[in-house]
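To start, the structure itself, in structure tokens.
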Amino acid sequence: MDEIFCIPKDDNEKRFIIGKKGKRNLLCVGLNPNTANENNLDATSRNFERIANDNGFDGWCLVNLYPTRNPKGKNLSNIADDKLFWENIQQIDTITCSKELKIKDVLVGWGNDINDKIYFKVSIYQIYERLKKHNLNYHSFRTNKSGNPSHPSPMTINTRYKVTDKLMMNKFDFESYANDLKSELKMIPNITIDGKAFE
């Protein structure tokens, strides 16, 4: 079994990054971490790994919109921890800059649960802003009716696909998606990005 890397290790409260290094690595962006750690993957991280492998990537790393561990994003606090929020954004930027991983492709998959917490949407826009300088290729494995890239949860994968099915990625227009999100956030009072209100 390939070695799992996890940042940080031995932390049951938060996780910034988990994955397995390969020669061709896929960056995956989910909602928030559950139980996967340096010793074992959970069902969702195994699904991200499956999608990576099905599309020719022998390595992958999973980051999230928010780093606090919880089985369901809706059960997280309604108010983000600012320090944790920005550390997560910085960790995502840092791993994307890694000369060892040489990331060129990103799989986004957070689903409709971004509607549960406003900071999920703020995080999406911040990730887009940080990563656009890298000239990356963006993908989803499917897009749901509301236009959000589907989250590869066990329920989604197990009810729609067989074990033998290949989960192929499709091009995702992250620029248009992020701009639409920015327009939405601008209409919400008291939402700031990087300490500045949307204008």
Side-chain angles (χ1 to χ4, degrees), residues 4-9 11 13-34 36-38 44-45 48-49 51-52 55 57 59-69 73 76 79-111 113-114 117-140 148-149 151-152 169 171-182 184-186 191-198:
I4 301 169
F5 69 92
C6 185
I7 302 173
K9 292 182 177 180
D11 193 321
E13 300 297 322
K14 66 182 180 295
R15 191 188 74 219
F16 296 112
I17 303 165
I18 193 168
K20 296 179 182 179
K21 297 176 184 177
K23 293 182 179 178
R24 185 172 181 236
N25 296 287
L26 177 68
L27 177 65
C28 306
V29 186
L31 190 74
N32 74 289
N34 190 1
N37 58 29
E38 63 274 15
T44 298
S45 55
F48 274 110
E49 180 178 50
I51 295 170
N55 288 271
F57 296 89
W60 58 277
C61 51
L62 173 61
V63 299
N64 289 282
L65 301 182
Y66 195 67
T68 297
R69 292 181 183 273
L76 293 170
I79 300 174
D81 179 311
D82 285 347
K83 184 171 184 271
L84 205 57
F85 179 96
W86 291 111
E87 185 176 358
N88 185 56
I89 299 296
Q90 184 56 50
Q91 289 275 3
I92 293 170
D93 194 14
T94 299
I95 199 167
T96 308
C97 293
S98 167
K99 293 181 179 178
E100 180 184 4
L101 295 177
K102 299 177 182 176
I103 290 169
K104 292 295 181 187
D105 293 272
V106 182
L107 171 68
V108 293
W110 42 72
D113 286 349
I114 59 166
K117 312 291 175 186
I118 192 65
Y119 55 81
F120 285 150
K121 295 183 177 182
V122 177
S123 179
I124 292 168
Y125 188 76
Q126 279 300 321
I127 291 169
Y128 167 74
E129 281 291 298
R130 289 291 185 98
L131 298 189
K132 67 181 182 180
K133 65 179 178 285
H134 299 298
N135 194 29
L136 302 167
N137 304 308
Y138 294 97
H139 314 270
S140 65
N148 293 316
H151 182 261
M169 301 190 310
K171 184 178 179 181
F172 185 77
D173 187 352
F174 199 12
E175 180 179 7
S176 295
Y177 181 88
N179 288 333
D180 288 345
L181 201 58
K182 181 179 181 182
E184 178 186 341
L185 291 171
K186 283 172 67 175
I191 295 295
T192 60
I193 294 294
D194 233 358
K196 300 177 182 178
F198 277 117

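Note that the structure is predicted; figures quoted are calculated from it, not measured.
You'll find the ring centres of Tyr177 and Phe172 inside the 6.0 Å limit.
Between Ser123 and Leu65, the shortest heavy-atom distance links the atoms OG-O, 2.7 Å. Here the closest heavy-atom approach between residue Val29 and residue Ile127 is recorded as CG1-CD1, 4.2 Å. Between Ile114 and Trp110, the shortest heavy-atom distance links the atoms CG2-CD1, 3.4 Å. Nearest heavy atoms, Cys6 versus Arg69: SG-NH2, 4.4 Å. The heavy-atom pair separating Ile51 from Leu107 by the smallest distance is CG2-CD2, 3.7 Å. The shortest non-hydrogen separation linking Pro8 to Lys14 is CD-O, 4.0 Å.
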**Prompt:** Does the side-chain contact (heavy atoms from CB on, under 4.5 Å) test come out yes or no for Arg24 and Asp105, once each step is laid out?
**Reply:** CA-CA 9 Å; Arg24 185 172 181 236; Asp105 293 272; 4.3 Å; yes
**Request:** Test Ile4 against Lys20 for side-chain contact (heavy atoms from CB on, under 4.5 Å), laying out the working first.
**Result:** CA-CA 5 Å; Ile4 301 169; Lys20 296 179 182 179; 3.9 Å; yes
**Request:** Any chance you could lay out the side-chain contact (heavy atoms from CB on, under 4.5 Å) test for Lys133 and Thr96, step after step, and finish with the verdict?
**Result:** CA-CA 10 Å; Lys133 65 179 178 285; Thr96 308; over 6 Å; no
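A donor-acceptor contact shorter than 3.5 Å is absent between the side chain of Asn64 and the backbone of Tyr66. With Lys117 contributing its side chain and Leu76 its backbone, the two residues share a donor-acceptor pair below 3.5 Å. Counting only distance, with no hydrogens or angles, the side chain of Asn25 and the backbone of Ile103 share no donor-acceptor pair below 3.5 Å. Looking at Asn55, its side chain does come within 3.5 Å of a backbone N or O of Met169 through a donor-acceptor pair.
Considering CD1 of Ile95 and SG of Cys61, their distance stands at 4.0 Å, rounded to 0.5 Å. Interatomic distance, CG of Asp82 versus OH of Tyr119, reported as 11.5 Å (0.5 Å rounding). Rounded to the nearest 0.5 angstrom, His151 NE2 and Asp113 CG are separated by 8.0 Å. The distance from the CG atom of Asn88 to the CG atom of Asn32 is 10.0 Å, given to the nearest 0.5 Å. Rounding to the nearest 0.5 Å gives a distance of 8.5 Å between CG of Leu31 and CD1 of Ile124. Between the CG atom of Asp11 and the CG atom of Asn37 there is a distance of 10.5 Å, given to the nearest 0.5 Å.
Sparse packing is recorded around NZ of Lys171, with 12 or fewer heavy atoms of other residues, nucleotides or ligands lying under 6.0 Å away. Within a 6.0 Å sphere centred on CD of Glu13, heavy atoms belonging to other residues, nucleotides or ligands number 12 at most.
A heavy-atom distance below 4.5 Å is not found between the side chains of Lys132 and Phe174. No side-chain heavy atom of Tyr128 sits under 4.5 Å from any side-chain heavy atom of Leu181. Contact annotation: the side chain of His134 approaches that of Cys97 to within less than 4.5 Å [non-hydrogen atoms, C-beta and beyond]. With contacts defined as side-chain heavy-atom distances shorter than 4.5 Å, the pair Val63/Gln91 does not qualify. Between Tyr138 and Leu131 the shortest side-chain heavy-atom distance falls below 4.5 Å. A heavy-atom distance below 4.5 Å is found between the side chains of Arg130 and Ile89. Looking at heavy atoms from C-beta onward, Phe85 lies out of side-chain contact with Thr68 at the 4.5 angstrom threshold.
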